[in-house]
*Asks:* 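Sharing a structure here in structure tokens format.
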Amino acid sequence: MIMVVLMDQLVERVEAALAWIGKAASWLNPLLVLLIIIEVVARYWMAMSWIWLGELEWHLFALMFLLGASYTLQHDGHVRVDVLYQRWSPIAKAWVNLLGHLFLLIPLCLFVIPVAWDYFFTAWTRGESSGDPGGLPAIYPIKFLIPAAWVLLLTQAVASAWKATQVIFPRPAPASPGSSSGV
């Protein structure tokens, strides 16, 4: 019983951290909008263009997507075909979520993380930069976020799987003080 309580507390802390990361990533959106406005004004009203600015916009969009994926999973905001799912009981939904996490999402994360790490590591060791003149001097930092995002997604998948088990196998409520056991 103590292990279950400890796991509940760990999941709560992990989800709080992932929620903070997701909310922080959402604040990149106003910055992205501002940069796009600056680029449009510079390009069409002042006949100026900066390649690095366009690349920076793509990187901010990637940051929002990569860092927001685990937050989206946490809040059940991912795309799902709800034709059947919406009508199912909470326990049936928990079974679908648990099996989907255990047999699809978690294995996918475990497969992608090392591949994405190699992708980042190759870019980092080569000091990869933009192929365009005037582009960003380093693009490997954004590539680091690819495996990092999959680690965050894996972490949330494990937490969500745990929460699904708690719906499927609920713990009995603790006895209140003064209640008799019927003996």
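Heads up: numbering here begins at 1 and tracks the sequence.
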*Asks:* Given the rule in the side chain to side chain contact (heavy atoms under 4.5 Å, CB included) test, do E12 and D8 qualify, once you have shown the distances and angles that lead to the verdict?
*Replies:* CA-CA 6 Å; E12 188 177 308; D8 284 344; over 6 Å; no
*Asks:* With a 4.0 Å cut-off on N to O distance, would you call D118 and K143 a salt bridge?
*Replies:* no
*Asks:* So do the side chains of V151 and P147 get within less than 4.5 Å of each other, counting heavy atoms only?
*Replies:* no
*Asks:* Any non-hydrogen side-chain atom of L18 less than 4.5 Å from a side-chain atom of Y71?
*Replies:* no
*Asks:* What's the verdict on side chain to side chain contact (heavy atoms under 4.5 Å, CB included) for M48 and R43, showing C-alpha distance, side-chain angles and the deciding distance?
*Replies:* CA-CA 5 Å; M48 299 171 63; R43 180 179 295 162; over 6 Å; no
*Asks:* Looking only at heavy atoms, which two atoms of L152 and S70 are closest? And how far apart?
*Replies:* O-CB, 3.6 Å
*Asks:* Return the minimal non-hydrogen interatomic distance between A62 and I142, and the atom names on each side.
*Replies:* CB-CD1, 4.0 Å
*Asks:* Heavy atoms only: give me the nearest A164-A94 pair and the separation to one decimal.
*Replies:* CB-O, 3.5 Å
*Asks:* Could you state the interatomic distance from OG (S49) to OH (Y44), rounded to the nearest 0.5 Å?
*Replies:* 9.0 Å
*Asks:* Rounded to the nearest 0.5 Å, how far apart are CZ of F144 and CH2 of W117?
*Replies:* 5.5 Å
*Asks:* For the hydrophobic clusters of this structure (ILVMFWY residues joined by side-chain heavy atoms under 4.5 Å, transitively), does one cluster hold both W45 and L53?
*Replies:* yes
*Asks:* Indicate if F65 and L56 have the same hydrophobic cluster label, given that clusters are the connected sets of ILVMFWY residues with side-chain heavy-atom separations under 4.5 angstrom.
*Replies:* yes
*Asks:* Is there a path of hydrophobic side-chain contacts, each under 4.5 Å between heavy atoms of I, L, V, M, F, W or Y residues, that connects W150 with L154?
*Replies:* yes
*Asks:* Please give me the minimum heavy-atom distance between Q74 and Q156, naming the atom from each residue.
*Replies:* NE2-OE1, 3.0 Å
*Asks:* Using side-chain heavy atoms (C-beta onward) and a distance below 4.5 Å, is W162 in contact with V4?
*Replies:* yes
*Asks:* Looking at K23, is its backbone amide N or carbonyl O close enough to the side chain of S26 to form a donor-acceptor pair, meaning the two atoms are under 3.5 Å apart?
*Replies:* yes
*Asks:* May I ask whether L10 and V5 are part of the same hydrophobic cluster, defined by side-chain heavy atoms of I, L, V, M, F, W, Y residues being less than 4.5 angstrom apart, directly or through others?
*Replies:* no
*Asks:* How many angstroms lie between atom CG of L32 and atom CH2 of W27, to the nearest 0.5 angstrom?
*Replies:* 14.5 Å
*Asks:* Taking E128 for the side chain and A138 for the main chain, is one N or O donor matched with an acceptor at less than 3.5 Å?
*Replies:* no
*Asks:* Please walk me through it: do H101 and V158 pass side chain to side chain contact (heavy atoms under 4.5 Å, CB included)?
*Replies:* CA-CA 7 Å; H101 285 72; V158 170; over 6 Å; no
*Asks:* Does the pair V11 and M7 meet the rule for a side chain to side chain contact (heavy atoms under 4.5 Å, CB included), with working shown?
*Replies:* CA-CA 6 Å; V11 165; M7 187 64 177; 4.2 Å; yes
*Asks:* Please indicate whether Y85 has more than 12 foreign heavy atoms, meaning atoms of other residues, nucleotides or ligands, lying under 6.0 Å from its OH.
*Replies:* yes
*Asks:* Tell me if a side-chain donor or acceptor on E55 pairs with a main-chain N or O of L136 at a distance below 3.5 Å.
*Replies:* yes
*Asks:* On a heavy-atom basis, which atom in A25 and which in G68 lie closest, and how many Å separate them?
*Replies:* CB-N, 4.5 Å
*Asks:* What do you reckon, is CH2 of W50 surrounded by more than 12 foreign heavy atoms closer than 6.0 Å?
*Replies:* yes
*Asks:* Side-chain heavy atoms nearer than 4.5 Å, only ILVMFWY residues, links allowed to pass through others: does that put L153 and F103 together?
*Replies:* yes
*Asks:* Considering residues, nucleotides and ligands other than M3, do more than 12 of their heavy atoms fall under 6.0 Å from its CE?
*Replies:* no
*Asks:* Which heavy atom in A161 sits nearest to a heavy atom in L98, and how many Å separate them?
*Replies:* O-CD1, 3.6 Å
*Asks:* Quick check: do K93 and V167 have side-chain heavy atoms less than 4.5 Å from each other?
*Replies:* no
*Asks:* Could you check if a side-chain atom of Y119 sits within less than 4.5 angstrom of a side-chain atom of I146, using non-hydrogen atoms only?
*Replies:* yes
*Asks:* So, does T125 use its side chain to make a donor-acceptor pair with the main chain of T122 at under 3.5 Å?
*Replies:* yes
*Asks:* Within a reach of under 6.0 Å around CH2 of W124, are more than 12 heavy atoms found that belong to other residues, nucleotides or ligands?
*Replies:* no
*Asks:* Any chance you could measure I106, atom CD1, to L110, atom CG, to the nearest 0.5 Å?
*Replies:* 7.5 Å
*Asks:* Looking at CG of L67 and CG of L145, how far apart are the two atoms once the value is rounded to the nearest 0.5 Å?
*Replies:* 5.5 Å
*Asks:* Give, for atom CG of D132 and atom CD1 of I51, the distance between the pair rounded to the nearest 0.5 Å.
*Replies:* 5.0 Å
